[in-house]
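This one's a predicted model, so the numbers in the text were calculated from it and none came from an experiment. We're numbering straight along the sequence, starting at 1.
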Amino acid sequence: MNRTADRLELVTDPVRRTGRTLLSAGVEQSYVDVEDPRHLHFEYVRRIAAAAELTAPRGVPLDVLHLGGGALTLPRWLAATRPGSAQRVVERDAAVVALVARELPPLPPEVRVQVADAREAVTASPAASYDLVIADIYRAARMPRHVRTVEFAAEVARTLRPDGLYLVNVTDLPPLVGTRVQVAVLRAVFGDVCVLGDRRMLRGRRYGNLVLAATPRAGGLPVGRLAVAALRDPVPGGLLHGAALDTFVAGARPVSDDDTP
């Protein structure tokens with residue numbers, strides 16, 4: 001076990017000895033297999049990966065922006081499954097970046113890690129520069145307000161190519177108010193949006209993670225294939241889209257920068 005003064009830890013998985021879990025103040029943040037970067041431990045990470053796989057034919061390199069890095073699970077997975085992918089990782093916490101660089105396997109040169117604020121990094125990015133943007137941005141178990149607004153979503157959409165994909169991890173609890181608002185935010189900007197997750201989560205019966213998927217083009221999401229991928233996960237999941245998503249988000253209002261916190 002390795003510790004830093006601010007209670008960041010990398011602990012060995014007692015069941016899978018090659019697994020390492022990044023903890024922040026005792027809360028699980030990321031999981032990496034130091035010998036097999038293709039192994040994805042957390043359910044929501046597998047859902048993000050399954051959606052990312054549908055962005056382009058298998059093995060084709062992608063231009064990817066990761067907002068929130070943690071132990072760099074998905075950058076490692078993408079480097080293994082799509083060699084040559086140009087990946088930029090933006091992580092706000094310099095202590096996390098230092099710990100991961102010191103204690104976990106090195107990254108390929110195609111993966112660049114930057115200590116910066118996610119919104120500032122997105123705003124500074126050129127238009128139409130990414131095939132895939134993945135957001136997993138949390139501070140004290142809460143998504144910061146400045147990355148939850150319509151204006152931020154619009155900046156992400158600007159950086160995506162026309163068929164690009166935006167994937168967002170949302171941690172929520174019943175009745176999923178935060179998720180509904182985020183769906184409303186994405187629908188105000190993107191042409192097509194869906195929600196992926198454990199069916200119990202989608203029914204508002206448990207705390208956990210949901211994945212939101214959005215693309216600039218109307219009808220641009222491969223909804224059928226996303227639904228099949230969700231069902232094939234070890235924790236079979238579901239998908240909300242179209243009329244089902246209309247019902248889910250009914251009454252939720254998108255959040256703007258100008259709204260009172």
For [X] and [Y], which heavy atoms make the closest approach, and how far apart are they?
| X | Y | result |
| --- | --- | --- |
| Val211 | Tyr44 | CG2-O, 3.7 Å |
| Tyr207 | Thr171 | OH-CG2, 3.0 Å |
| Tyr130 | Ser125 | OH-OG, 3.8 Å |
| Ala116 | Val90 | O-CG1, 3.4 Å |
| Pro37 | Ala80 | CG-CB, 3.8 Å |
| Leu132 | Ala52 | CD2-CB, 3.7 Å |

Is there side-chain contact between [X] and [Y], with heavy atoms separated by less than 4.5 Å?
| X | Y | answer |
| --- | --- | --- |
| Leu165 | Leu160 | no |
| His146 | Asp257 | no |
| Ile134 | Leu67 | no |

If two hydrophobic side chains count as joined below 4.5 Å and joins carry through other members, does [X] share a cluster with [Y]?
| X | Y | value |
| --- | --- | --- |
| Val96 | Val34 | yes |
| Phe152 | Val183 | yes |
| Leu245 | Leu210 | yes |
| Val185 | Leu240 | yes |
| Tyr138 | Leu74 | no |

How long is the span from the [atom1] atom in [X] to the [atom2] atom in [Y], to the nearest 0.5 Å?
| X | Y | atom1 | atom2 | value |
| --- | --- | --- | --- | --- |
| Leu221 | Leu226 | CG | CG | 6.5 Å |
| Cys194 | Leu239 | SG | CG | 4.5 Å |
| Tyr166 | Leu186 | OH | CG | 6.5 Å |
| Leu65 | Gln114 | CG | CD | 9.0 Å |
| Arg199 | Leu231 | CZ | CG | 5.0 Å |
| Leu8 | Asp93 | CG | CG | 6.0 Å |

Any carboxylate oxygen within less than 4.0 angstrom of a Lys/Arg side-chain nitrogen, looking at [X] and [Y]?
| X | Y | answer |
| --- | --- | --- |
| Glu53 | Arg82 | yes |
| Arg206 | Asp172 | no |
| Asp259 | Arg253 | yes |
| Asp163 | Arg217 | yes |
| Arg92 | Asp117 | no |
| Glu43 | Arg46 | no |
| Arg200 | Asp198 | yes |

If only atom types and distance count, is the side chain of [X] paired as donor or acceptor with the main-chain N or O of [Y] below 3.5 Å?
| X | Y | answer |
| --- | --- | --- |
| Gln87 | Val111 | no |
| Ser85 | Leu62 | yes |
| Thr73 | Tyr31 | yes |
| Arg161 | Ser129 | yes |
| Ser24 | Val27 | no |
| Arg47 | Leu196 | no |
| Thr215 | Gly164 | yes |

Could you note down all residue pairs passing side-chain hydrogen bond (donor to acceptor under 3.5 Å, both in side chains) where residues 186-196 supplies at least one of them, sequence neighbours left out?
-> Arg187-Asp246, Asp192-His241
Aromatic rings His41 and His39: how do their planes relate, parallel, tilted or perpendicular, breaks at 30° and 60°?
-> tilted
Would you sort out whether Arg20 and Asp13 count as a side-chain contact (heavy atoms from CB on, under 4.5 Å), showing the intermediate values?
-> CA-CA 6 Å; Arg20 303 290 184 271; Asp13 184 342; over 6 Å; no
Given Val122, Thr159, Val64, Leu167, the one that forms side-chain contact (heavy atoms from CB on, under 4.5 Å) with Val133 | Thr159
Leu10 pairs by side-chain contact (heavy atoms from CB on, under 4.5 Å) with which of Leu23, Val32, Leu99, Thr21?
-> Leu99
List the steps, then state whether side-chain contact (heavy atoms from CB on, under 4.5 Å) holds for Val113 with Leu72.
-> CA-CA 9 Å; Val113 180; Leu72 306 171; 4.1 Å; yes
Test Leu212 against Val170 for side-chain contact (heavy atoms from CB on, under 4.5 Å), laying out the working first.
-> CA-CA 7 Å; Leu212 313 187; Val170 179; 3.8 Å; yes
Cut-off 3.5 Å, side chains only: do Thr55 and Asp131 have a donor facing an acceptor?
-> no
Donor + acceptor pair across side chains of Glu151, Ser256 (<3.5 Å) = yes
Per the salt bridge (Lys or Arg N to Asp or Glu O under 4.0 Å) rule, which among Arg16, Arg17, Arg76 passes with Asp33?
-> Arg16
side-chain contact (heavy atoms from CB on, under 4.5 Å) between Gln182 and Arg148: does it pass, once the steps are laid out?
-> CA-CA 7 Å; Gln182 271 303 290; Arg148 291 188 281 122; 3.4 Å; yes
Answer yes or no for Arg180 and Phe248: cation-pi contact, defined as NZ/CZ to six-membered ring centre under 6.0 Å and angle to ring axis within 45°.
-> yes
